[in-house]
Amino acid sequence: MLTAFARAFKTPDLRKKLLFTLGIMVLFRLGAHVPAPGVSFENVNQCVKEAESAGAGLFGLVNMFSGGALLQLTIFALGIMPYITASIILQLLVVVIPRLEALKKEGQSGQAKITQYTRYLTVALSVLQATGLVATARSGSLFAQCSVRDQIIPDDSIFTTITMVIAMTAGATLIMWLGELITDKGIGNGMSILMFVSIAAGFPGALWAIKQQGNLADGWIEFGVVIICGLAMVGLVVFVEQAQRRIPVQYAKRMIGRRSYGGTSTYIPLKVNQAGVIPVIFAASLLYIPALIVQFSGSQAGWADWINQHFVRGDHPYYIITYFVLIVFFAFFYVAISFNPEDVADNMKKYGGFIPGIRAGRPTAEYLSYVLNRITWPGSLYLGLIALVPTVALVLFNANQNFPFGGTSLLIIVGVGLETVKQIESQLQQRHYEGFLR
């Protein structure tokens with residue numbers, strides 16, 4: 001990997017793309033520290049320090065994706081979550097709405113139209129989320145245990161509220177634009193790289209917090225154990241993320257005029273973790289809903305106490321079991337809507353392809369579905385085990401819910417890192433090929 005980056009900096013074109021990407025990343029991190037208009041910077045800092053000592057609570061996942069900007073109420077407080085949510089919603093709607101499914105099959109022009117719809121939906125979700133965040137901060141629910149939670153936004157006028165909503169919406173739209181700039185003029189995968197930067201920005205502080213909370217050898221023993229466990233988990237994630245089931249495909253030889261087409265062999269790569277990190281995000285978001293209902297309702301009834309005891313802190317057995325089951329369920333659900341064996345079988349039949357030993361058409365679709373279900377089981381169980389790492393850390397090291405080597409953060413960082421390295425290597429291969437003559 002380091003060799004690939006060294007060779008990339010020696011290539012002028014790639015060096016410009018890498019420096020452009022690094023400049024966008026620096027700009028993105030600077031915007032995450034600029035307070036939104038109307039926010040008391042001193043009171044927010046005090047509440048953030050108190051929240052770090054008590055755990056990020058309900059907003060921990062969103063705060064992680066924003067690189068810590070959410071709880072600081074900056075202009076980039078929404079981070080990339082509106083775009084991620086809009087992208088997931090469009091992916092789900094493509095399966096439900098025939099018009100969107102037709103656009104997806106049109107190729108580049110249809111995909112451009114779906115991208116435009118994603119942008120519009122991102123802006124709409126940004127307005128909605130910014131309004132909810134400002135209302136939560138004004139009510140004091142954002143930092144429920146903070147002593148100055150009511151003074152985070154001193155001016156509660158309508159003009160200040162509208163200004164904050166506009167600023168945060170503009171910040172989320174700017175992040176979307178920066179991600180597209182990286183995709184067009186940088187090394188690609190713009191939004192994924194910004195997500196990588198947001199999560200990686202919290203790693204040093206989280207690791208140092210574990211060292212300060214440790215008791216053995218002034219915390220260095222706990223720090224070393226976490227580093228070793230983190231490296232082992234990175235190796236495990238890389239191994240599973242690269243694992244795939246290759247289904248061989250043979251294309252029949254066809255004669256068109258005097259030319260011969262086909263007769264080649266290829267394969268369909270089915271990844272063990274076909275769903276990626278989406279099931280973990282879905283499960284975590286769904287488990288936040290009961291606690292959010294209790295928090296905003298302010299109820300003291302028996303059902304509210306039961307939810308606070310079992311589904312607010314992640315170390316309770318009910319929470320762990322529910323979280324694991326939801327991840328497995330969403331893994332199968334997302335694979336079912338993102339990979340259609342019937343479409344793959346029809347495309348293979350159209351171009352004269354077949355799986356050796358399997359008849360084309362419906363038997364091919366049934367075989368692909370069978371293989372996909374078989375490899376999704378270990379993939380979903382792997383996702384569930386990786387996602388439970390913060391819970392183990394919570395018990396062993398008394399860490400907060402945003403443990404640095406947690407399931408969501410580790411999966412995203414390793415996945416984006418592998419994809420970025422592959423893109424750099426592919427561009428290097430295009431520029432460092434051998435000729436016909438030596």
Side-chain angles (χ1 to χ4, degrees), residues 1-5 8 14 17-29 32 61-69 76 79-88 91 118 175-204 206-207 230-231 233-244 269 271-282 284 331 334 338 379 382-383 386-387 389-390 402-428:
M1 184 176 69
L2 296 178
T3 305
F5 277 107
L14 273 180
K17 291 183 177 182
L18 287 172
L19 293 177
F20 179 82
T21 303
L22 291 175
I24 296 294
M25 290 163 61
V26 171
L27 182 63
F28 174 64
R29 288 307 302 161
L61 181 67
V62 184
N63 189 56
M64 180 188 68
F65 280 111
S66 66
F76 284 177
I80 57 177
M81 282 303 291
Y83 185 85
I84 294 175
T85 307
S87 300
I88 294 175
Q91 284 184 354
T118 305
I175 290 174
M176 179 177 61
W177 181 62
L178 293 177
E180 293 182 355
L181 281 180
I182 294 177
T183 302
D184 295 337
K185 300 182 180 180
I187 58 177
N189 267 352
M191 297 307 298
S192 299
I193 290 178
L194 293 183
M195 190 190 308
F196 176 92
V197 173
S198 298
I199 297 174
F203 264 56
L207 289 172
L231 293 177
M233 288 185 58
V234 168
L236 173 64
V237 172
V238 171
F239 177 77
V240 178
E241 291 296 321
Q242 296 289 85
Q244 56 184 222
K271 295 180 62 177
V272 173
N273 181 22
Q274 190 82 6
V277 74
I278 299 298
V280 181
I281 298 176
F282 277 5
Y334 189 76
S338 62
Y382 146 80
L383 281 177
I386 291 292
V389 169
N402 297 322
F403 186 67
F405 295 107
T408 309
S409 58
L410 195 64
L411 288 170
I412 292 175
I413 284 182
V414 174
V416 174
L418 289 174
E419 188 64 28
T420 303
V421 171
K422 287 180 181 178
Q423 288 200 356
I424 293 176
E425 287 183 346
S426 65
Q427 295 185 39
L428 283 173

Quick one: closest heavy-atom pair of [X] and [Y], and the distance?
X    : Y    : result
F28  : L194 : CE2-O, 3.6 Å
A275 : A331 : CB-O, 4.1 Å
G186 : K17  : O-CD, 3.4 Å
I175 : M191 : O-SD, 4.1 Å
S87  : T118 : OG-CG2, 3.8 Å
G190 : T183 : N-OG1, 2.9 Å

Spacing of [X] atom [atom1] and [Y] atom [atom2] [to the nearest 0.5 Å]:
X    : Y    : atom1 : atom2 : answer
E180 : M176 : CD    : CE    : 6.0 Å
L418 : Q242 : CG    : CD    : 5.0 Å
I80  : S192 : CD1   : OG    : 8.0 Å
I199 : I412 : CD1   : CD1   : 3.5 Å
F20  : I187 : CZ    : CD1   : 11.5 Å

Strictly distance-based, threshold 3.5 Å: is any side-chain N or O of E419 a donor or acceptor partner for the main-chain N or O of V416?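 Checked: no pair found.
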
Within a strict 4.5 Å, meaning less than it, do heavy atoms of the [X] and [Y] side chains meet?
X    : Y    : result
I413 : V237 : no
Y382 : V272 : no
M25  : F196 : no
I84  : M195 : yes

Which residue, I193, N189, T420, L181, forms the side chain to side chain contact (heavy atoms under 4.5 Å, CB included) with T21?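 Answer to the side chain to side chain contact (heavy atoms under 4.5 Å, CB included) test with T21 among I193, N189, T420, L181: I193.
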
